[in-house]
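I have placed the structure first, in the form of structure tokens, so that the comments after it can refer back to it.
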Amino acid sequence: GEETVAAESCVDTSGDTIKVGALNSLSGTMSISETTVRDSIYLAVDEINAAGGVQGKQIEIVAEDGASEPTVFAEKAEKLIREDCVAAVFGGWTSASRKAMLPVFEDNDSLLYYPVQYEGLEASENIFYTGATTNQQIIPALDYLAETGVKSLYLVGSDYVFPRTANAIINAYAADKGIEIVGEDYAQLGSVEFSTIVNQVGASGADAVFNTLNGDSNVAFFREYANVGLTAAEMPVMSVSIAEEEVGGIGIENIEGQLAAWNYYQTIESPANTAFVDAFKAEYGAERVTSDPMEAAYNSVYLWAATAEKAGSFDVADIQASADGVSFESPEGTVVIDGENHHVTKTARIGEIRADGLLYTVWESAGAIDPDPFLEGYAWASDLQVSE
Amino acid sequence: MDLLVGQLFTGLSTGSILLLAALGLSLTFGQMGVINMAHGEFIMAGCYTAYVVQQAVGDAGLSLLIALPVGFLVGGAMGLVLEWLLIRHLYHRPLDTLLVTFGVGLVLQQVARDVFGAPAVNVTVPQFLRGGVDLLGTAVPKTRLFILALAVVAVAVVALVLRFTAAGRRIRAVVGNRDLAETAGISSRAVDAGTFFIGSGLAGVAGVALTLIGSTSPTTGQSYLVDAFLVVVAGGMGRIKGAVVAAVALGTFQAVFETYSTASLAKVGVFVVIVVFLQLRPQGLFTLRTRSLA
Amino acid sequence: MNSHALTCTGITVDFDGFRAVDGVDLTLDRGEVHFLIGPNGAGKTTLVDAVTGLAKYSGSVVKDGVELRGRKVHHIARRGIGRTFQTATVFEQLTVAQNLDIAAGAGRSPWSLLRRRKALPDQVVAVMEQIGLAGHAQTPAGILAHGQKQWLEIGMLLVGDADVLLLDEPIAGMGHEERDTTGRLLHAIAETRAVAVVEHDMDFMRAFASRVTVLHAGRVLAAGSVDEVANDPRVQEVYLGAANEQETIDAATA
Amino acid sequence: MSKFLSTRAGTWAGFGAAALVLFGAAPLLLSGFRLGLLAQFLCYAIVAVGIGLAWGRGGMLTLGQGVFFGMGAYLMAMHMKMADAEFRNGAGAVPDFMELAGIRELPAYWVPFASPVFTIAMILVLPTAFAVLLGFAVFKRRVKGAYFAILSQALAGAFAILLIGQQSMGGFNGMSRFRYFFGYNLDDPVNEQMLYFIAAGVLLVVVAVALQLRRSRYGELLVAVRDAEERVRFLGYDAANIKVVAYAAAALFAAVAGAIFVPVVGIISPASIGIVPSIMFILGVAIGGRASLVGPVVGALAVAWAQTALSEQFPSAWTYAQGLLFIVVIALLPGGIASIAAATKRFRKEPVTAEAPA
Amino acid sequence: MLRLRNLTCGYGRTPVVHDVDLDVGADEVVAVMGHNGAGKTTLLRAVVGLIPVMSGTVELDGQRINRAPANKRVKAGMAYVPQGQQCFAHLTAGENLRLVADGRKNGRALIDAQLDLFPALRPLLGRQAGLLSGGQRQQLAIARALITEPRLLILDEPTEGIQPNVVAEIESTIVALASRGGLSVLLVEQHLGFALQAAGRFAVLRSGRVASSGATGAGAGERVREAMSI
Ligand SMILES: Nc1ncnc2c1ncn2[C@@H]1O[C@H](COP(=O)(O)OP(=O)(O)OP(=O)(O)O)[C@@H](O)[C@H]1O
Ligand SMILES: Nc1ncnc2c1ncn2[C@@H]1O[C@H](COP(=O)(O)OP(=O)(O)OP(=O)(O)O)[C@@H](O)[C@H]1O
Ligand SMILES: NC(N)=O
Ligand SMILES: [Mg+2]
Ligand SMILES: [Mg+2]
């Protein structure tokens, strides 16, 4: 805020530990996803501590439950900042929780590291976005579909801001590129009744489906999809919220061959990823998988630590000032913070779901894509832009 | 045209799912007056039963057949424990059962989370239920036909038992007047426990069946609960016939409304329809009247 | 000009094809305790239900020149028709005084409703005396004895200014003295009101009835004075039966 | 003690003590953050007073108070977002979340909410009027008991779903990022404290109103309707009207609480008003003692506090504690906390406990 | 057959009936009398097992049954007709009877026997019991109790609300059943004449205590009246 009367920071840098917050939903509907993110935050912290900490200080996590409720996120964020005096907070998943926390971080002048792909059109001084913005995930996915000859799309999403914004972008893109949008349906979050929607999708004759459903709804959607005889070969589904964790629950037989768009897959072959996956499995069990938001959360801890090292300080202003250009050799490749909009560069990847339940890269962008949260670089998106 | 047939079937199918979820409630809520908010978690327990049985048995078809009775026993056993520990102390405080069982539901969800993990698990659909059959030019999923058939069977069994057997008479007697039933030589404790066992067992069966189309996660049961209660209310408490009609009507309304509007508005529409409907039939579709006051 | 307190003509009540009350004419007058008798299931309670708006009927019920058919229960009550039930219903959580105060207040303005009760209205105090519960003003009605509850119920009608009282078996379960007390109470009440009593207790009827109407299978079988009715062979056949034997027993044990 | 509290002097003493704690001790002892939390809890307590009236005294288990709470909150949020947009981009500007949703024109029904007076009037009138309408529809048809409970629960669910679908009302995310409350900058700690004082003051007023309703003849009548609705009809009252008054009062209290909640917490979204939050409102009342006056207040505060404290202490296991709280308290203490005090006395003058506020 | 010693019982923590001693021997009819609220119903409820015994003992055939649930006592030979024409309102009249006949070998015959006793019930068998008139329900309740072929029949004001000619029938039925042997009766009755005629012994309750008791016969009426009228 422009004329914010910022509260005095109470972060204690005198001891040999430094406190950070981990704020994830451990209860409620979102706990399914958010607990996995918490696991990788702990992994990163343990690794950094084992390697000597940040500026010689061991990181100490103060954990809080966001309970899948935006107001609780806001309350707990304020508690972490004002009572626990953490230097930064890692967490959040839904955009609703981020929107709820944003004024808290701005008013108290503190830092949130947010690890999930989201709908863009936002850039706060007090938030670092380590997941993809739309030009690093949705637009590449559309490019990929267009390249493979898709001329008509059916849009299916959960009824909340990310799918709605994503679909607004897709509509603008489609209008520009001559792709026909033959249907657009929203299901209530958590809904498991997809018969009507799948019937309509089936009857629409679309070339492909763009799926922005979230959570359990995907299970019901893909089961219904497979059961009425729709297949990846006939009408592929491109999903942007299904990662390794979700595939198991949907059942590979129902989703094999379908597509996803992310920046990271467990199957990426690189030394950094091998190390990450091995460390994760060693810590949490061989049956566990790693996914894009987990990796982005893992990255976010390292990025914060690196920025603090660079700044030589845990002070929010110093971190903000030093962030530009800070990079990390992450499992998905090198990510670099953009000091302007606080997002990071990311490589876009289209993955295919294979029989082992993992996603394999079938296409990737030529190098990391610079974040463009307001889609300023896309003329067709001019109607979507907002004043900020 | 295809779509219309598809939607009519969808209405029937949605109705049968609602009915399956609501059938147990029409015993425990409709007959006994217990507002069991943990009913959803009993459904969830049925889902996980299907999962565990499948892990143990392997073959998806065989495991489904085993899981149906096992799910009944698991749901029933949980109901029995709940009845014995809590509900039996609350028969004269029906509205309190709602709050207590809501707490039970929270605990059960957390137990599921701790035992099976927060992410959904997969129950594989048996080969013979994969894909669809052609019905007037529309692909109708076999899983839904299976659930429809299961709902019909379950409803028929429950209705016949209640109506024509000695056990059914006892259930209705205890529900009507506990003290009087005792003095007619009926052990109301046994009947209460038995009724709750059956009602909860039906939730377990519903859970097993619902793995065929939905997800199996700690919050699964929640998706069905409120609609199931509405079915019982709209049908007239404890009236199986009413529950059937209400479930099919609501399912069809929702499916058709959704085709021309959105799924979310369809839910709101259902509520409005029920309030309007209650203006006409305040005690639900089918009711039994008595002359007593209160 | 109609001087009856209540005039019912051609009351007919049907339940899904079963006719419980079938064309009953009945008038109630102030100053009389009118007994309504008849076999179980004859339709007595149903008739009372109809008059008080609880059962749908055809025919007509007129009080003070106003037709009551089709009106809501509480409208009919406000017109001065009060009733009790075969099983007493009082507000168990409230005290005797509160029960009576509520019953006295159906016509109160919203404003006075929202204020605290300063003192009991005189009328409530007087009625409490009349029904013999003056000593129980602060007793929760739930712990009153059966008979006391029935008196309280009658009291609630009195303070509500009902001038037509329909009492369904008001002495059920009462002992001899309580019956006599109740009977005297009814006559005191009836001085300015019309009282109809549904009862099966013939001793009570003989002692206190001013007029009797006998219902049978939904119709009026006989009407008149106690003697007229008691000596009617049809009434003896369907209702009184061995009642004379009964008297012999009473005489023997007295 | 409780005898004293039910006298006139006792009532004043009770209010005095409560005022002393709320206006004196709490602001002195609590940090700004905790005071803000307390303000949030006080909002829940205001809702609880209404539920105590409708449920405890009137027997209507209102499982859908989230609806009225939400109405109050959203109406207030509309005004605050308008003020915000006006501050940023001039009069008639579109609030930030609408821009995000691609809405470029301010919807017509938003326009009057630029006026604070109109907003406050709507907060007081709309939810109450809705409650009256719904109450008539339901109570005139004698829908009650478990029917009413389930129906009102479904209402809360439907209302939340409806809001999620309205992008011009913030959709799933709801509305957040409020800068100004009737011209006061919310970043300023002094103004945060002012909000707390407003919440505390409103709570005292609401308790006083509820107290007056309980002690009035209307209060007795309400209990009578709860215990024997049909009988009340035969005394010449329209039972539906009596119930509607309590239901509407509860709705009004909830709406006012919602309106205060928005500036205090800084966000309102469907997640705060659906089925589960509505049950949480009830929980506090049940735990505190539904039939007493202060029980619901104490219960609501205790539950909110326990939730915060437990989730801070045991972030991953506190759901167990929360569930057990429901089970143990309601199963073992049907009269709630308030019943512990009353349990010692049998049949008092007023069988249902009436204590003065504390 | 039934033996009460120092029986105290009531509701919640409040005793209503105090230190009652009472015996009902085999084939004996005992009448309990008393004013409204004297505690007659309360006493019966404790005997049947619907409210707990606070102190003292309830013995059936020499067995202490203080804690046995009501249904066990019924199976052991008690039958209870509660005050107030109670029935299973949601069941038909026929189902009300079959409910108790279920599981008895001669169930059909037992029902028929009761229908012969209460012919007014025959045409009503298919009707929902909650819709019957008060007297019809009372007849149903007595029939229901008799179907269990009790050895001890406990009746709480069985003639309340019943038309006079049927009252006479019920009375003679009870007298006949008792004199046939094999049935003891514990009867609460306001109707003094009937009570004293039917019963061999009586007890008068006043404020929950036995104020007077003894054999019926010469002078009993006087003693009862005296005990009740103070
Ligand atoms: N709602 C109803 N539906 C069907 N039949 C009914 C209904 N209400 C009453 N009846 C029948 O109507 C008849 C008259 O009943 P009512 O209660 O008026 O008798 P009553 O004269 O009061 O008898 P009692 O002296 O036994 O109380 C009975 O046969 C009863 O079964
Ligand atoms: N459920 C109850 N809870 C508390 N007190 C009760 C209850 N039922 C009865 N009482 C009280 O117990 C006392 C005895 O009541 P009871 O019903 O045993 O009397 P009774 O002798 O059967 O009277 P009646 O002739 O009216 O049937 C009365 O004071 C009554 O108010
Ligand atoms: N940011 C999301 N996916 O809600
Ligand atoms: Mg009658
Ligand atoms: Mg009695």
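Lettering of chains follows the sequences in order, A, B, ..., and the numbering in each one begins at 1. Values below: every heavy atom of this structure, side chains too, minus hydrogens, waters and symmetry copies.
Of all the listed residues (Glu189(E), Gln163(E), Arg127(E)), the one sharing the greatest number of non-hydrogen pairs under 4.5 Å with chain C is Gln163(E).
Evaluation of the side chain to side chain contact (heavy atoms under 4.5 Å, CB included) rule for Ala79(E) yields Ala145(E), Thr148(E), Pro150(E), Leu153(E) as partners, not counting sequence neighbours. Applying the side-chain hydrogen bond (donor to acceptor under 3.5 Å, both in side chains) test to Glu28(E) and every residue at least two apart in sequence or in another chain returns Arg201(E).
Contact of Val238(C) with chain E is made through the backbone alone, with heavy-atom distances under 4.5 Å. Heavy atoms closer than 4.5 Å to chain E are found in the backbone of Glu237(C), but not in its side chain.
Remark: Asp49(C) engages Arg83(C) in a salt bridge, criterion side-chain N to carboxylate O under 4.0 Å.
Taking the centre of each ring, Phe35(C) and Phe208(C) stay at or above the 6.0 Å mark.
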